[in-house]
Amino acid sequence: MDLRREALLGLFLFSFCLSVSCNLVFDVQHKFKGRERSLNALRSHDLRRHGRLLSVIDLELGGNGHPAETGLYFAKIGLGTPPVDFHVQVDTGSDILWVNCMGCSNCPKESDIDVELQLYDPKRSSTAGVVTCDEPFCSAMYKSVTEGCRPDVLCEYKVIYGDGSATSGYFVKDHVQLQGVVGKHKTTATNGSIIFGCGAKQSGELGTSSEALDGILGFGQANSSMISQLAASGKVKKIFAHCLDNVNGGGIFAIGDMVAPRVKTTPVVPDQAHYNVVLIGVKVGSTALDLPLGLFEFSYRRDAIIDSGTTLAYLPEDIFQPLVKKILVAQPDLKLHTVDKDFTCFHYDESVDEAFPSVTFDFEESLNLTIYPHEYLFQIRDDIWCVGWQSSAGNSKNGKEIFLFGDLVLQNRLVYYNLENQTIGWTDFNCSKGIKLKDEKSGKVHTVGAHRLASAAPIALIGSLLPWLLPFTLLLIQ
Ligand SMILES: *[C@@H]1O[C@H](CO)[C@@H](O)[C@H](O)[C@H]1NC(C)=O
Ligand SMILES: *[C@@H]1O[C@H](CO)[C@@H](O)[C@H](O)[C@H]1NC(C)=O
Ligand SMILES: *[C@@H]1O[C@H](CO)[C@@H](O)[C@H](O)[C@H]1NC(C)=O
Ligand SMILES: *[C@@H]1O[C@H](CO)[C@@H](O)[C@H](O)[C@H]1NC(C)=O
Ligand SMILES: *[C@@H]1O[C@H](CO)[C@@H](O)[C@H](O)[C@H]1NC(C)=O
């Protein structure tokens, strides 16, 4: 069943290849360059290709989502031949992988996170290649061949993230080395060829942050993301799951068909740049929040974006205000004060889970997400707690303020993205436990567990030591 679909994909690429310059990007395209192929040949090609599936990938994870500590999660990947290890922020809100490159301007030189920063040097990799502006990858990125493009002009990129930081440079292609799962908690190095950004210039937080990393690994669904490229060359399925562990740091990040635990899912809104799911209700404790309906809407429906690259959760003002009010009304005697402009904080030294209500978001197809007080409140000192919910006032898209679910709500649960079926789901989960994924090649089911790469030493939690800007990596423009 799968084979037929992929044979069609091959056919499509083949005809595409005839109509534009054939300097192609993916393995599968390259093979057919300028040659006639019968459907049978395609099918046997696909069979061989299936023999090379990476199938289940275990990404080693580090970091944590605590706003006063690292505030982000990162993975270790190898790039080039011989492979060099890079530590990159995992971000389901953007669509390309980029790393700081040799000779770049304003790249961070040191980091409070205990990782050794690297610069990618195409000259030192025997498998590195450039991507020129006339290649399909580049024209697809820009919807057309860019003006003034000559065959020797590099394909440039620029990404501006939601916090105003930016990266720019040019695309290169090289091997990425990942850990393929071959047994219970057993992996072996395996590789694929991908196109990624070679960062020449960083600005904003990307140049100056004390929590600096080597780059960002966009896990979006666009064709340019690493997972889409590996899937297009038949290496993996477009299915992945993460469990971001805010208790121990690190957690699970795995690519492959997850078979256990089973999670309930909700549809991904089609034709959106991000992972949007449809929110239909909000409850504080057991009472539903009165939600403002749209002018022509009969019921409440709003897209919420799932984004592992953002630390907190951003709600439209007309939900944020009543929500926070309803939460705090549970403890009318609290003395509230504001820390670092955006954070409402208070003194409390008993169990917050007993004192405050949980918050439940309801999604299409009766999937819900309950966030407990110890998750949406965070400590900046033993007895000082701050509200993690943020207002997205000022951040609007199509006239509607964005609804953005970052690590605050994603962590300490298993989040499952099935892009083959366009669904996303989650379940409460202890990230120290393993998840089971099926190897396409052998049919065997393997367990993947948590990793915990080096993290930042917790900063002394005194006064207002919150990072001035938290990662907010939702992609805005490219
Ligand atoms: C990538 O895989 C190929 C084929 O399996 C192997 O020959 C090569 O050494 C690998 N490269 C790296 C960097 O692991
Ligand atoms: C992404 O790739 C698929 C198949 O490779 C293709 O059908 C589709 O048109 C591409 N999408 C864009 C936006 O280029
Ligand atoms: C969430 O969904 C589950 C399963 O449908 C249901 O049992 C549970 O009561 C719901 N929780 C809330 C708070 O609505
Ligand atoms: C997609 O959904 C269909 C129908 O529910 C199911 O049979 C199929 O196994 C799913 N595919 C994947 C890759 O999850
Ligand atoms: C999660 O699982 C680990 C290992 O099984 C256990 O030590 C830990 O107490 C569990 N944590 C919670 C919150 O249940």
Side-chain angles (χ1 to χ4, degrees), residues 1-17 19-20 24-30 32 46 49 53 55-56 95-96 135-145 155 185 194-195 220-241 243-252 255-268 270-274 353 365 372 374-375 411-414 416-425 427-440 443 447 449-452 478:
M1 191 179 64
D2 253 324
L3 276 180
R4 197 176 62 228
R5 194 179 47 73
E6 301 210 343
L8 286 174
L9 177 73
L11 268 181
F12 173 77
L13 292 176
F14 178 44
S15 56
F16 180 62
C17 174
S19 62
V20 295
L24 291 167
V25 175
F26 303 121
D27 284 357
V28 54
Q29 295 169 304
H30 220 84
F32 302 134
D46 276 340
R49 201 174 60 183
L53 275 182
S55 208
V56 178
D95 293 310
I96 66 164
E135 292 189 43
F137 178 90
C138 198
S139 35
M141 213 55 206
Y142 294 99
K143 309 281 191 288
S144 69
V145 174
C155 181
H185 299 291
I194 58 160
I195 292 178
Q221 57 186 329
N223 286 356
S224 55
S225 65
M226 180 181 82
I227 188 168
S228 294
Q229 292 187 52
L230 292 176
S233 57
K235 302 261 185 192
V236 297
K237 280 196 164 187
K238 277 174 93 167
I239 306 177
F240 65 98
C243 195
L244 308 173
D245 188 339
N246 199 30
V247 182
N248 306 302
I252 304 171
I255 303 176
D257 198 358
M258 189 174 77
V259 292
R262 283 280 173 201
V263 298
K264 230 171 133 79
T265 62
T266 188
V268 174
D271 307 319
Q272 297 293 314
H274 303 289
D353 281 323
E365 303 206 346
Y372 305 98
H374 73 270
E375 297 177 308
Q411 63 200 358
N412 303 331
R413 44 183 53 83
L414 183 61
Y416 167 73
Y417 304 67
N418 184 338
L419 309 180
E420 311 257 336
N421 270 353
Q422 288 291 303
T423 56
I424 289 187
T427 185
D428 284 351
F429 196 69
N430 179 340
C431 296
S432 301
K433 298 201 153 64
I435 61 171
K436 290 187 160 58
L437 298 104
K438 189 166 154 199
D439 185 311
E440 289 300 307
T447 302
H451 295 278
R452 190 180 175 193
Q478 80 190 8

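Each ligand, and each atom within it, is numbered from 1 in the order the structure gives.
Atoms of ligand 4 found under 4.0 Å from any heavy atom of Asn418 (numbered from 1 in listed order, with element): 12 (C), 14 (O). Annotation for ligand 4: atoms under 4.0 Å from non-hydrogen atoms of Asn421 are 1 (C), 2 (O), 3 (C), 8 (C), 10 (C), 11 (N), 12 (C), 14 (O). Atoms of ligand 4 lying under 4.0 Å from any heavy atom of Ile239, numbered from 1 in the order shown and given with element: 13 (C). Each of the atoms 1 (C), 2 (O), 3 (C), 8 (C), 10 (C), 11 (N), 12 (C), 14 (O) of ligand 2 lies under 4.0 Å from some heavy atom of Asn223.
In this structure, atom 14 (O) of ligand 4 has a protein heavy-atom contact shorter than 4.0 Å. By the definition of a contact as any protein heavy atom under 4.0 Å away, atom 1 (C) of ligand 5 is in contact. At a distance under 4.0 Å, a protein heavy atom can be found next to atom 11 (N) of ligand 5.
Side-chain atoms of Phe137 and Asn223, non-hydrogen and from C-beta on, never get closer than 4.5 Å to each other. A 4.5 Å side-chain heavy-atom check between Leu244 and Cys431 finds every atom pair outside the cut-off. Side-chain contact check for Ile252 versus Ile435: some heavy-atom pair is nearer than 4.5 Å.
In terms of protein heavy-atom proximity, atom 9 (O) of ligand 5 is nearest to Asn430 ND2, 4.8 Å. When hydrogens are left out, the protein atom nearest atom 4 (C) of ligand 5 is Ser432 CB, 4.1 Å; that is the closest non-hydrogen contact. The shortest contact between atom 5 (O) of ligand 5 and any protein heavy atom is with Lys433 NZ, 4.1 Å.
Of the possible polar contacts, none joining the Ser224 side chain to the Ile96 backbone as a donor-acceptor pair under 3.5 Å is found. When atom types are taken as modelled, the side chain of Asp353 and the backbone of His374 share a donor-acceptor pair closer than 3.5 angstrom. Remark: the backbone N or O of Ser432 is paired with a side-chain donor or acceptor of Asn430 at under 3.5 angstrom. Listed for the Thr427 side chain is no donor-acceptor partner under 3.5 Å among the backbone atoms of Leu414.
With a 4.0 Å cut-off on non-hydrogen atoms, Asp257 does not touch ligand 4 at all.
Shown here are the salt bridge (charged side-chain N to carboxylate O under 4.0 Å, His left out) partners of Asp428, two or more places apart in sequence or in another chain: Arg413.
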